[in-house]
2 protein chains.
Amino acid sequence: MGATKTDEYTESQILVATLAKAIGHPARVAIIEYLMKVDSCICGDIVDVLPLAQPTVSRHLKELKNAGLIRGNVIGNSICYCIDKNAVDTLQTYFAGLIHTISIKDKTCC
Amino acid sequence: MGATKTDEYTESQILVATLAKAIGHPARVAIIEYLMKVDSCICGDIVDVLPLAQPTVSRHLKELKNAGLIRGNVIGNSICYCIDKNAVDTLQTYFAGLIHTISIKDKTCC
DNA sequence: TTTTAATATAGCAATATTACGATAAAGGTT
DNA sequence: AACCTTTATCGTAATATTGCTATATTAAAA
């Protein structure tokens with residue numbers, strides 16, 4: 001197989017999984033962090049920061065975009081990428097909710 | 001290929017990617033949520049909640065465990081699983097940091 | 001001790017992911 | 001127009017992931 005049974009889960013579960021999966025690669029974490037480091041958005045030079053060939057970086061960017069974590073605006077012959085705050089908010093809120101639930105539950109058994 | 005160039009990234013990037021990757025599947029999100037829903041830890045019956053065969057669930061649990069997101073304590077002939085709060089904290093803190101950085105940066109370009 | 005219950009592992013097949021080089025596409029520049 | 005720069009796509013190969021059935025393991029229960 002190798003194909004996930006997506007029909008069997010809730011929208012929310014699939015959304016969280018999709019966003020998390022997009023971040024689930026160090027190159028994409030590095031891309032996100034680079035987008036954070038520079039002011040506002042960044043056009044070009046993402047390739048120069050990563051230890052990967054240009055087509056590979058392009059593919060990682062595409063996956064981040066498909067998952068909704070970044071947006072890309074065409075500016076002339078280059079593309080301006082920036083993070084989609086909503087997507088990060090979704091993840092942050094989700095994990096904050098988990099932590100809150102953990103905190104109010106009895107956890108003495110482990 | 002298919003193998004990630006892990007040598008080229010920081011410890012932090014690999015940690016975040018590893019944790020995020022572990023959550024990057026709806027079945028594992030469902031497992032996490034089930035562990036949250038019940039009080040404290042849960043022994044057994046995770047298999048009954050998922051639309052997957054027992055060995056497949058076992059494999060997902062193993063991956064969550066390898067990533068450090070859950071712990072498993074052997075209790076008799078069953079295993080008591082619970083979430084590792086530290087791992088969730090790591091993710092929550094990370095995304096909160098991202099959001100903070102996004103908020104203080106100029107984002108007028110996109 | 002035999003059986004039952006719970007979980008893990010082995011082995012397999014299908015699909016997905018990662019990565020590269022080569023090439024295409026599309027917009028500037030000269 | 002000819003060229004350069006930037007990014008995307010194609011084609012390919014290697015590896016990883018997902019999921020199953022069958023089987024092993026381990027411990028409690030009968």
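Numbers restart at 1 for each chain; the letters A, B, ... are given by sequence-line order, proteins then strands. Source: prediction; values computed, not measured.
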Nearest nucleotide by nearest heavy atom, which residue falls closer to the 5' end of DNA chain C, A:His60 or B:Gln54? B:Gln54
Heavy atoms, side chains only, cut-off 4.5 Å: are B:Leu98 and A:Gln92 in contact? no
Measure from CG on B:Asn73 to P on C:dT7 and round the result to the nearest Å. 13 Å
Among C:dC20, D:dA8, D:dG19, the nucleotide that comes nearest once only the side chain of B:His25 is considered: D:dG19
Among C:dG21, D:dA8, C:dT18, find the nucleotide with the atom closest to the side chain of B:Thr4. C:dT18
Side chain of A:Ala53 - closest among D:dT7, C:dG21, C:dT9: C:dG21
Do A:Tyr34 and A:Asp45 pass the side-chain contact (heavy atoms from CB on, under 4.5 Å) test, and can you show the C-alpha distance, the side-chain angles, and the key distance before you say yes or no? CA-CA 10 Å; A:Tyr34 185 62; A:Asp45 76 4; 3.4 Å; yes
For a quick check of understanding: with a heavy-atom distance under 4.0 Å over all strands, which category does B:Lys21 fall into, base, sugar-phosphate or nothing? sugar-phosphate
Most 5' of A:Gly24 and B:Arg59 on DNA chain C, judged by nearest nucleotide: B:Arg59
D:dA8 P sits how many Å from A:Ile70 CD1, rounded? 9 Å
Which of C:dT7, C:dT9, D:dT18 is nearest the side chain of B:Ile79? It is C:dT7
Value in whole Å for how far the C1' atom of D:dT7 lies from CD1 of A:Ile75: 14 Å
Is B:Lys62 near enough to C:dT9 that one of its side-chain N or O atoms lies under 4.0 angstrom from OP1 or OP2? yes
Should B:Ser58 be listed as having a side-chain N or O under 4.0 Å from OP1 or OP2 of C:dA8? yes
State which of C:dC20, D:dG19, D:dT9 makes the closest approach to the side chain of A:Thr56. C:dC20
Value in whole Å for how far the C1' atom of D:dA8 lies from CG of A:Leu52: 16 Å
Length of the CG-P vector between A:Asn77 and D:dT6, whole Å: 7 Å
Just do the side-chain hydrogen bond (donor to acceptor under 3.5 Å, both in side chains) check on B:Tyr94 and A:Glu33 with the steps written out, would you? CA-CA 11 Å; B:Tyr94 185 80; A:Glu33 292 182 358; 2.6 Å; yes
Out of C:dA19, C:dA22, C:dA8, whichever nucleotide has its closest atom nearest the side chain of A:Pro55: C:dA22
So does A:Thr10 get a backbone contact from the side chain of A:Gln13, meaning a donor-acceptor N/O pair under 3.5 Å? yes
Looking at C:dT18, I'd like to know if its phosphate oxygens (OP1 or OP2) sit under 4.0 Å from a side-chain N or O belonging to A:Arg28. yes
CG of A:Asn66 versus C1' of C:dT18: gap in Å, rounded? 16 Å
Specify the separation, in whole Å, of atom CD of A:Glu63 and atom C1' of D:dT17. 14 Å
Could you check whether any side-chain N or O of B:Thr56 sits under 3.5 Å from a backbone N or O of B:Leu52, counting only pairs where one atom can act as donor and the other as acceptor? no
